[in-house]
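All remarks here apply to the structure that follows.
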Number of protein chains: 2
Amino acid sequence: MMTELASFDIFMRTAFGVEPAARAGLQLKAMAEAKCLGPHEEAPLGKRESNVLYIGSGATKLAARASDNREQIVAFHFGGDIFSVPADDLHSYSVSSLEPTSLLVFPARPFFDCASSDPRISRALLERQRTALHRCRDKAVALGQKNALERLAGFLFAMADRIGTGSGVRRILDLPMSRRDIGDSLGLTIETVSRQLGALRKAGLIETHGRSRIVVRDLNDIAHLSGHCGKSERTEPIEADFDLDQCERLPVGVARPQTGGQS
Amino acid sequence: MMTELASFDIFMRTAFGVEPAARAGLQLKAMAEAKCLGPHEEAPLGKRESNVLYIGSGATKLAARASDNREQIVAFHFGGDIFSVPADDLHSYSVSSLEPTSLLVFPARPFFDCASSDPRISRALLERQRTALHRCRDKAVALGQKNALERLAGFLFAMADRIGTGSGVRRILDLPMSRRDIGDSLGLTIETVSRQLGALRKAGLIETHGRSRIVVRDLNDIAHLSGHCGKSERTEPIEADFDLDQCERLPVGVARPQTGGQS
DNA sequence: CGAGAGCTTGATTGGGATCAAGGAAAGTGG
DNA sequence: CCACTTTCCTTGATCCCAATCAAGCTCTCG
């Protein structure tokens, strides 16, 4: 159908810079399956084997079930992203849309078999996988070592980078995910997410408008709170410790983060 | 030197099934740097850019610094493993040996540039990256959603799979990492690791001999405790809930794991 | 064998989960 | 457009698992 053709061609050109008529392009096209998801819909995937997904437009969450009421969101994905979905192994993975989404689904094995035949495609995929792995590692650091406030600040920082609008240090975020999704992504409950957002709001670091819009007043402050300690000073470094207590007495331990949170 | 040549040739043959004399092999060889590490030594890496490492023999930990006294071990690697080390970005990463280790270091960008030119190499790398990513995601699930006992059981299960010896359901683990390393990997303190190991020992599920040897009596029990819920029933499934309290009154919440641990 | 690092065990504390109400948004039907 | 409904979000009170603090113990190695 026309829709499938069009989105596939865009996929080949934007993701790999390869014309869809190339040999690998035709092979990939043969195994592509286009899907359109409503606002909150799980993508139908064969769970027996891994899949590779391309998000044409929209937003999705990649989640793992740990048990009936324990879900860990492993990654969020937005338009233009390519990622692989593990087959059900130790955990059961699923992809769900956060808003209306169009995507392409490939079976992982033949996809990689074919992709490796074209240097441009395999080079791009290796780079994207490396990015995904590094994001996942940073998430592991957050989940293993950071407290609730640091995790939330890290989340806001990452979202500002990926879907934020606005210039300078001020960023506007229209988050497609619910508080529950944020909590499931950060290993926190919705109550804790709400409380920490409230703390940031009271401290004057963010504004919230409605349910989905969050305005970051100064990205530097958020970056500072997130407990990152590499050399990525994208914006200007902050000298003095920012103290959430400056506005109001708050039971938030910013200055003394724990070794490993509480679990 | 001879050592470097020999280990590089082994690398090409075992990792990719490609003769070192192939064109891509010669290019890779030119950028390879062989290192030998003592028992507990940090690998000297240029942190400005990502590196790709191949472990010829030995064992290493890949760790991220979150702050002065918060370290998250992101992965352990053993002989034959290939993995990429992120450049310092949000966090600062380092690779350290757990025992005497020989390895090859490549700068990531030219390594991937070159690797993508050979379909056999890029195919193998895509597969390894996919495995690394899936391991990291499973770790994220553990860190975000599981309690101390489940994490430790998951760790033992994974180690039994990777470096365990013995047949049937009984597995012998000679762990090269310390309790601190285990704790840093699971987002727990050494005390908690020790307590949970003690609980497993008292419950008769494991034996400990000296500091490094752990014998898993029945891998099924450990798998069951780890809270995995996919379809990977490698060994036989267990019907009844195993109850740690059967041996002694223990304050261990096995039956009622929490939503997200405590942080 | 002795020193010291690494491990174990106990007592207490604390951060975030859980339990429990309310309150604001978004959707629905009249 | 407005009541009604529902879902999602916020805020408060209490509880609990794992962190922290504090001794001892035990391997390992020189």
Side-chain angles (χ1 to χ4, degrees), chain A residues 38-40 69-70 98-99 142-152 174-184 186-202 206 208-214 244 248 250-263, chain B residues 38-40 69-70 98-99 142-152 174-184 186-202 206 208-214 244 248 250-263:
Chain A
H40 295 95
N69 42 4
R70 291 191 294 175
L98 303 171
E99 60 187 38
L143 293 176
Q145 303 293 336
K146 295 184 179 175
N147 65 26
L149 184 60
E150 291 175 308
R151 295 187 204 182
L152 195 59
D174 287 302
L175 300 175
M177 67 288 282
S178 68
R179 298 288 188 270
R180 171 162 302 283
D181 291 329
I182 297 173
D184 288 345
L186 300 177
L188 302 169
T189 58
I190 52 173
E191 293 96 328
T192 297
V193 171
S194 185
R195 268 185 261 272
Q196 301 299 341
L197 278 178
L200 290 173
R201 193 183 330 107
K202 281 181 189 166
I206 63 171
T208 56
H209 299 107
R211 276 173 184 166
S212 63
R213 169 161 292 190
I214 293 179
L244 277 185
E248 193 168 295
L250 291 173
V252 182
V254 183
R256 184 172 44 81
Q258 308 208 153
T259 290
Q262 291 262 341
S263 85
Chain B
H40 295 95
N69 42 5
R70 291 190 295 175
L98 304 171
E99 61 188 37
L143 294 176
Q145 303 295 333
K146 295 184 180 175
N147 65 26
L149 184 62
E150 291 175 309
R151 294 187 205 182
L152 195 58
D174 287 303
L175 300 176
M177 66 288 284
S178 68
R179 299 286 188 270
R180 171 161 301 284
D181 289 331
I182 297 173
D184 287 345
L186 300 177
L188 302 170
T189 58
I190 52 174
E191 293 98 327
T192 298
V193 171
S194 185
R195 267 185 261 272
Q196 300 300 339
L197 278 178
L200 290 174
R201 191 182 331 105
K202 282 181 189 166
I206 64 172
T208 56
H209 300 105
R211 277 174 183 164
S212 62
R213 170 161 291 191
I214 293 178
L244 277 186
E248 194 169 293
L250 291 172
V252 183
V254 183
R256 185 172 44 82
Q258 309 207 150
T259 290
Q262 291 263 341
S263 87

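In what follows, chains carry the letters A, B, and so on, assigned in the order in which the sequence lines appear, proteins first and then strands, with residues in each chain numbered from 1.
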- Message: For a quick test of reading the model: is some side-chain N or O of B/Thr189 closer than 4.0 Å to OP1 or OP2 of D/dA18?
- Response: no
Which nucleotide, [options], lies nearest any side-chain atom of [X]?
{"X": "A/Ser178", "options": "C/dA17, D/dC9, C/dC7", "result": "D/dC9"}
{"X": "A/Arg211", "options": "C/dA26, D/dC27, D/dA19", "result": "C/dA26"}
{"X": "B/Glu191", "options": "C/dC19, D/dA19, D/dC21", "result": "D/dC21"}

Whole Å only: how far is the [atom1] atom of [X] from the [atom2] atom of [N]?
{"X": "A/Leu149", "N": "C/dA17", "atom1": "CG", "atom2": "P", "value": "13 Å"}
{"X": "B/His209", "N": "C/dG6", "atom1": "NE2", "atom2": "C1'", "value": "19 Å"}
{"X": "B/Arg70", "N": "D/dA18", "atom1": "CZ", "atom2": "P", "value": "19 Å"}
{"X": "B/Lys146", "N": "C/dA17", "atom1": "NZ", "atom2": "P", "value": "17 Å"}
{"X": "B/Leu197", "N": "C/dC7", "atom1": "CG", "atom2": "P", "value": "10 Å"}
{"X": "A/Asp184", "N": "D/dC9", "atom1": "CG", "atom2": "P", "value": "11 Å"}
{"X": "B/Leu152", "N": "C/dT8", "atom1": "CG", "atom2": "P", "value": "11 Å"}
{"X": "B/Leu175", "N": "C/dC7", "atom1": "CG", "atom2": "P", "value": "11 Å"}

- Message: Could you measure the distance from the CZ atom of B/Arg201 to the CD1 atom of B/Ile214? Nearest 0.5 Å is fine.
- Response: 9.0 Å
- Item | CG-CG distance between B/Asp181 and B/Leu175, expressed to the nearest 0.5 angstrom | 10.5 Å
Side-chain donor or acceptor of [X] under 3.5 Å from a matching atom on the base of [N]?
{"X": "B/Arg179", "N": "C/dC7", "answer": "no"}
{"X": "A/Arg180", "N": "D/dT10", "answer": "no"}
{"X": "A/Arg195", "N": "C/dG15", "answer": "no"}
{"X": "B/Gln196", "N": "D/dC17", "answer": "no"}

- Query: For B/Arg213, which contact category applies under a 4.0 Å heavy-atom criterion: base, sugar-phosphate, or nothing?
  - Reply: nothing
- Check every strand shown and say whether A/Ser194 touches a base, only sugar-phosphate, or nothing at a heavy-atom separation below 4.0 Å. base
- Item | Residue pair B/Asp184, B/Arg70: steps toward the side-chain contact (heavy atoms from CB on, under 4.5 Å) verdict | CA-CA 8 Å; B/Asp184 287 345; B/Arg70 291 190 295 175; over 6 Å; no
- Examine distances only and state if a side-chain atom of B/Glu150 and a backbone atom of B/Asn147 form a donor-acceptor pair shorter than 3.5 Å. yes
- Of all heavy-atom pairs linking A/Ala148 and A/Thr192, the shortest is CB-CG2, 3.7 Å
